[in-house]
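For reference, positions follow the sequence shown, starting with 1.
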Amino acid sequence: MDNLNSLLDGFAAILTPGNLLLALLGVTIGTAVSMLPGMGTAMAIALLLPITYGMEPTQAFIMFGGIFYGGMYGGSTTAILLNTPGQSSSVVTVLEGFKMARNGRAGQALATAAIGSFVAGTIATIALVFVTPVTVRFAIGLGAPEYFAIMVLALVATASVLGSSRVRGFASLLIGLVIGTVGIDAVTGQQRLTYGVPELANGIDIVVVAVGAFAIGEALWVAARRRHGKDEIIPVGRVWMGRSDWRRSWGPWLRGSALGFPFGAVPAGGAEVPTFLSYVTERRLSKHKGEFGNGAIEGVAGPEAANNASAAGTLVPMLALGLPCNATAAVMLAAFQTYGIQPGPLLFENESVLVWTLIAGLFVGNAMLLVLNMPLIPLWVKLLRIPKPYLFAGILFFASMGAYATSGQPFELFVLLVLGLLGFAMRRFGIPMLPMIVGVILGPMAERQARMSLQLSGGDLSGLVGGPVAWTVYGIIALIALWPLATLVKRRVARDREPVAA
């Protein structure tokens with residue numbers, strides 16, 4: 001009942017004309033930006049971070065929440081109409097969505113994606129209301145060793161799960177950890193990796209890192225790959241679902257929601273795994289197996305619901321533990337830090353109004369998203385016709401303006417360019433971006449918790465172990481680290497047991 005009362009207070013705070021306008025602005029920006037190939041929700045929030053400095057934190061996060069939910073839906077439009085997913089979590093939508101569009105059913109595909117996003121977002125946000133406070137109560141009893149272990153788990157899991165190989169994932173993590181150490185050591189007061197440059201003494205702002213890696217890097221990457229040719233845009237037609245479409249979609253919506261939220265709530269769970277599992281599940285359960293591969297509506301409804309539920313689930317570890325599980329959550333965590341707010345167990349106590357207004361804003365933004373997208377889908381599609389040179393020029397302009405606004409120093413523009421080239425190189429060689437961002441944010445936090453643990457133990461390394469929670473977490477880390485070795489040994493044993501051909 002306390003949670004429900006706090007949620008009602010959050011609704012009372014957001015249901016004002018000014019806050020509702022910010023929520024509407026957020027879902028509009030999130031939907032529009034995520035529909036542009038190569039863009040994404042994380043980039044939209046990163047670009048708007050400097051602009052929101054003059055806002056109250058509650059107002060800024062109402063808009064960020066709208067962008068967060070708007071971006072979850074927008075990527076499906078390019079996946080269905082252009083065969084180009086707007087973000088990695090929309091990759092599975094391409095398999096059936098583009099085939100439906102080719103078959104003249106683009107409107108039905110977009111409609112089931114929009115309604116599925118609303119259903120999954122509502123279910124996941126309700127779960128967020130009840131699951132997050134429970135997680136907070138658990139986290140309050142944790143000490144510095146347990147937090148250090150959990151942060152190491154988040155770093156290792158993020159680097160292991162993402163990317164085409166673990167080597168690339170850990171390479172990205174190492175880059176982020178190095179960037180996070182730039183500046184003055186909070187304990188010794190010595191400068192680290194500043195190379196005598198005074199502007200680096202305060203470290204590299206996470207906003208500059210996020211904008212450079214995502215905005216500049218993505219713009220350069222997409223521009224390099226789209227130098228020639230134009231995308232073929234398929235007409236949407238009537239956005240309408242028949243009785244058969246409704247009957248075949250409601251089950252995938254519910255199953256996708258049930259799959260997506262738990263994966264999102266697990267650190268480094270991500271949306272890619274549940275969307276793929278949802279697609280496989282619907283393919284096995286469907287009575288229309290012959291349509292899969294040729295435009296089955298279940299193959300759009302289930303993965304889109306799993307995508308949205310998973311994205312909402314990522315807010316659980318971000319709010320309760322201060323652990324970002326995807327790029328958007330990482331940028332939102334950076335937004336909290338720019339306001340001097342540290343997500344974690346004390347967030348619900350110290351910033352109760354902000355948190356519950358944000359959660360209430362997710363409900364409002366989700367409803368606005370459905371009302372906005374259903375009638376305006378044909379209008380959104382016109383965004384895909386923006387000439388790419390104009391699009392990239394706008395992104396570079398706003399990114400440069402945002403980076404300069406962080407400190408007012410021209411040196412930030414140089415750092416932005418270097419990070420943009422780094423982001424481009426990482427994309428070129430298949431190195432994932434998220435481990436780097438997580439390393440920049442969690443690296444200094446993990447270092448601080450480790451030092452606190454060692455100070456409490458008088459420098460004894462046993463102080464990093466802590467209690468049962470830390471032991472359990474280290475066991476999970478060992479399992480993640482040794483799993484590839486165990487798989488390799490198993491394959492070799494199975495190969496040795498195979499009979500030798502005569």
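Evaluation of the side-chain contact (heavy atoms from CB on, under 4.5 Å) rule for Pro343 yields Met318, Leu333, Phe336, Leu347 as partners, not counting sequence neighbours. With sequence neighbours excluded, no residue satisfies ring pair (Phe, Tyr, Trp, His ring centres under 6.0 Å) with Phe118. For Gln191, the side chain to side chain donor-acceptor pair (under 3.5 Å) partners at least two apart in sequence or on another chain are Thr194. For the ring pair (Phe, Tyr, Trp, His ring centres under 6.0 Å) test, no residue two or more places apart in sequence or in another chain qualifies with Tyr474. Every residue two or more places apart in sequence or in another chain that forms a side-chain contact (heavy atoms from CB on, under 4.5 Å) with Asp185 is listed here: Val187, Thr188, Arg192, Arg451. With sequence neighbours left out, Phe424 forms a side-chain contact (heavy atoms from CB on, under 4.5 Å) with Leu220, Trp221, Ala224. In this structure Ala120 satisfies the side-chain contact (heavy atoms from CB on, under 4.5 Å) test together with Ser257, Ala305, Asn308, Ala309, sequence neighbours excluded.
Taking CG of Leu15 as the start and CG of Leu20 as the end, the distance is 5.5 Å to the nearest 0.5 Å. The structure places CG of Leu24 at 10.0 Å from CD1 of Ile29, a figure rounded to the nearest 0.5 Å. Between Thr357 atom OG1 and Ile62 atom CD1 the span is 6.0 Å, to the nearest 0.5 Å. A distance of 11.0 Å separates CG of Leu422 from CG of Leu417, quoted to the nearest 0.5 Å. The line from CD of Glu351 to OG1 of Thr58 is 8.0 Å long, rounded to the nearest 0.5 Å. With rounding to the nearest 0.5 angstrom, the CD atom of Gln449 is 10.0 Å from the CD atom of Glu146.
Side-chain contact between Leu7 and Phe363 is present, with heavy atoms from C-beta onward closer than 4.5 Å. Between Ile359 and Thr125, some side-chain heavy-atom pair lies under the 4.5 Å cut-off.
Residues in residues 12-26 take part in these side-chain hydrogen bond (donor to acceptor under 3.5 Å, both in side chains) pairs, two or more places apart or across chains: Thr16-Asn19. Residue pairs meeting the salt bridge (Lys or Arg N to Asp or Glu O under 4.0 Å) criterion with at least one partner in residues 418-443, sequence neighbours excluded, are Glu218-Arg427.
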* For the pair Phe68 and Leu358, evaluate side chain to side chain contact (heavy atoms under 4.5 Å, CB included) and give the outcome as yes or no after the intermediate values. => CA-CA 11 Å; Phe68 186 64; Leu358 170 62; over 6 Å; no
* To do: Output, in order, the C-alpha distance, side-chain angles, deciding distance and verdict of side chain to side chain contact (heavy atoms under 4.5 Å, CB included) for Asp9 and Trp356.
  => CA-CA 7 Å; Asp9 293 337; Trp356 289 107; 6.0 Å; no
* Asked: Step by step, would you call Ile204 with Val415 a side chain to side chain contact (heavy atoms under 4.5 Å, CB included)?
  -> CA-CA 8 Å; Ile204 301 177; Val415 175; 4.0 Å; yes
* Stepwise side chain to side chain contact (heavy atoms under 4.5 Å, CB included) test for Leu419 and Ile216 -> CA-CA 8 Å; Leu419 291 170; Ile216 305 297; over 6 Å; no
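The environment of Phe411 atom CZ is dense: over 12 non-hydrogen atoms of other residues, nucleotides or ligands sit within 6.0 angstrom. Within a 6.0 Å radius of CG in Asn350, other residues, nucleotides and ligands contribute more than 12 heavy atoms.
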Check: residues 172-183 side-chain donor-acceptor pairs under 3.5 Å, at least two apart:
| unit_1 | atom_1 | unit_2 | atom_2 | d |
| --- | --- | --- | --- | --- |
| Ser172 | OG | Pro432 | O | 2.6 |
| Ser172 | OG | Met436 | N | 2.9 |
| Thr181 | OG1 | Val178 | O | 2.7 |

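Across every non-hydrogen atom of Ser453 and Leu464, the tightest pair is CB-CD2, 3.9 Å. Across Phe148 and Ala446, no two heavy atoms sit closer than the pair CD1-O, 3.3 Å. Among all heavy-atom pairs drawn from Ala470 and Pro145, the shortest one is CB-O, 4.4 Å. Contact detail for Tyr339 and Pro57: the closest heavy-atom pair is CD2-CG, 3.6 Å. Taking each heavy atom of Glu304 and Ala113 in turn, the nearest pair found is CG-CB, 3.8 Å.
Note: Phe61 and Phe64 have perpendicular aromatic rings, judged against thresholds of 30 and 60 degrees for the angle between ring planes.
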